[in-house]
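Step one of this worksheet: look at the structure below.
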Amino acid sequence: MKIIRRPEAMVAWSETLRREGVTIGFVPTMGALHEGHRSLIRAGRLRSDALVVSVFVNPTQFGPGEDLARYPRMPDRDHALCRTEGVDVCFEPTVDAMYPKGYQTVVTVSKIAQRWEGERRPHHFQGVATVVTKLFGIVQPHLAMFGQKDYQQAMLVRRLVQDLNLGVKIAVCPTVREPDGLAMSSRNIYLSEEERTIAPLLYKSLKAGGEAIRKGVIEAAAVQNTMAAVLKQEPRFTIEYLAVCDPLTLEPLAQVTSKAILLGAVRLGSVRLIDNLIVSPPRKRCGKEAMEIG
Ligand code: PAF
């Protein structure tokens, strides 16, 4: 596996392969790779001839007071996982290489970035959209893999690719969970032992909402109450939002009459947890949680 640090070297590698007709798959990450990333890498590996993983803790997507300084960084472990999974290139640029002196261009996706995570983390999605656009420009992938865990991010990237004609196919892969249901995340290491035992309640609350919809509950407010009731069993949770939304626009629904996404965000001590679940009402089952968007 090659480790490339300079954007110009990455561009040169990709241009050569593209000229040879090789399809390039791409998994953008911030490192601290876990089983969720492994599943994205495996999915990318299956669908492309050459696979690039980027490891870049992108400062512009962290707000003031967020965890940029303490975000886990474990390059040796990340390289070992990438090697085991047959990754061709690990692209690890420095902050200065990505945002050189004089840098002044940002990418803003409007509507889809405003609610939910966007409301709680005001500059987050501008940072994500900017770095993803830059990474796509440098890596020049045919296909990029994103996890359903960060559902709003995946939908925002899909919008960005369509709006800016970036020509990258976006695959959204199912969330990988711990045996007790907790969605895998690099930030789970911040949970204390005690917090870790109650953290799966977020997914349980989403499943309770999903179950209500499958049993025929139509009113979104009733579904939200069902989800909230599960979380209220544990006073250490602070609910940030529990939402029933259109799966493509992420606009809130008043009633669930077709496929919907349940979104949840909570605080548990100093840790923020987010998760989601795609559900269909009784007569319009879709059966699959994964979506592929081209
Ligand atoms: O999901 C992430 O790890 C990051 O937001 C991404 C897409 C790598 C951009 O920094």
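Quick caveat, the model's predicted, so the values are computed rather than measured.
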Write out all pairs satisfying ring-ring contact (aromatic ring centres under 6.0 Å, His included) with one or both partners inside residues 222-244, taking only residues at least two apart or from two chains. Trp116-Tyr241
Which pairs with one or both residues in residues 15-35 pass ring-ring contact (aromatic ring centres under 6.0 Å, His included), sequence neighbours excluded? His34-His37
With a 3.5 Å cut-off and no angle check, do the side chains of Gln114 and Glu119 form a donor-acceptor pair? no
If we ignore angles and hydrogens, is there a donor and acceptor under 3.5 Å between the side chains of Asn58 and Tyr99?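 Judged by distance alone, the side chains do pair up.
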Kindly write out the residues that satisfy salt bridge (Lys or Arg N to Asp or Glu O under 4.0 Å) with [X], not counting sequence neighbours, or none if the list is empty.
{"X": "Arg73", "answer": "none"}
{"X": "Arg38", "answer": "Glu35, Glu85"}
{"X": "Arg5", "answer": "Glu92"}
{"X": "Arg272", "answer": "Glu117, Glu240"}

Is the backbone of [Y] close enough, under 3.5 Å, to the side chain of [X] for a donor and an acceptor to pair up by distance?
{"X": "Thr23", "Y": "Ser48", "result": "no"}
{"X": "His142", "Y": "Ile24", "result": "yes"}
{"X": "Asn276", "Y": "Lys149", "result": "yes"}

Is there side-chain contact between [X] and [Y], with at least one heavy-atom pair below 4.5 Å?
{"X": "Phe56", "Y": "Lys134", "value": "no"}
{"X": "Val55", "Y": "Pro75", "value": "no"}
{"X": "Leu206", "Y": "Met227", "value": "yes"}
{"X": "Gln152", "Y": "Phe125", "value": "yes"}

Salt bridge between Glu193 and Arg196, side-chain N to carboxylate O under 4.0 Å? no
Give a yes or no on whether a salt bridge exists between Asp275 and Lys207, defined as a side-chain N under 4.0 angstrom from a carboxylate O.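 No, no charged N to carboxylate O under 4.0 Å.
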How would you list, by chain and number, every residue that makes a ring-ring contact (aromatic ring centres under 6.0 Å, His included) with Tyr71, sequence neighbours excluded? Phe62
Evaluate the criterion side-chain contact (heavy atoms from CB on, under 4.5 Å) for residue pair Arg236 and Ile198; output intermediate values, then yes/no. CA-CA 9 Å; Arg236 278 168 291 183; Ile198 58 172; 3.7 Å; yes
Residues two or more places apart in sequence or in another chain: which of them pass side-chain contact (heavy atoms from CB on, under 4.5 Å) with Thr16? Arg19, Glu20
Taking only residues two or more places apart in sequence, or in another chain, which ones meet [X] in a side chain to side chain donor-acceptor pair (under 3.5 Å)?
{"X": "Glu8", "result": "Arg6"}
{"X": "Arg83", "result": "none"}
{"X": "Thr238", "result": "none"}

Could you identify which residues cluster with Val176, counting Ile, Leu, Val, Met, Phe, Trp and Tyr as linked when any side-chain heavy atoms lie under 4.5 Å apart, either directly or through a chain of such contacts? Met184
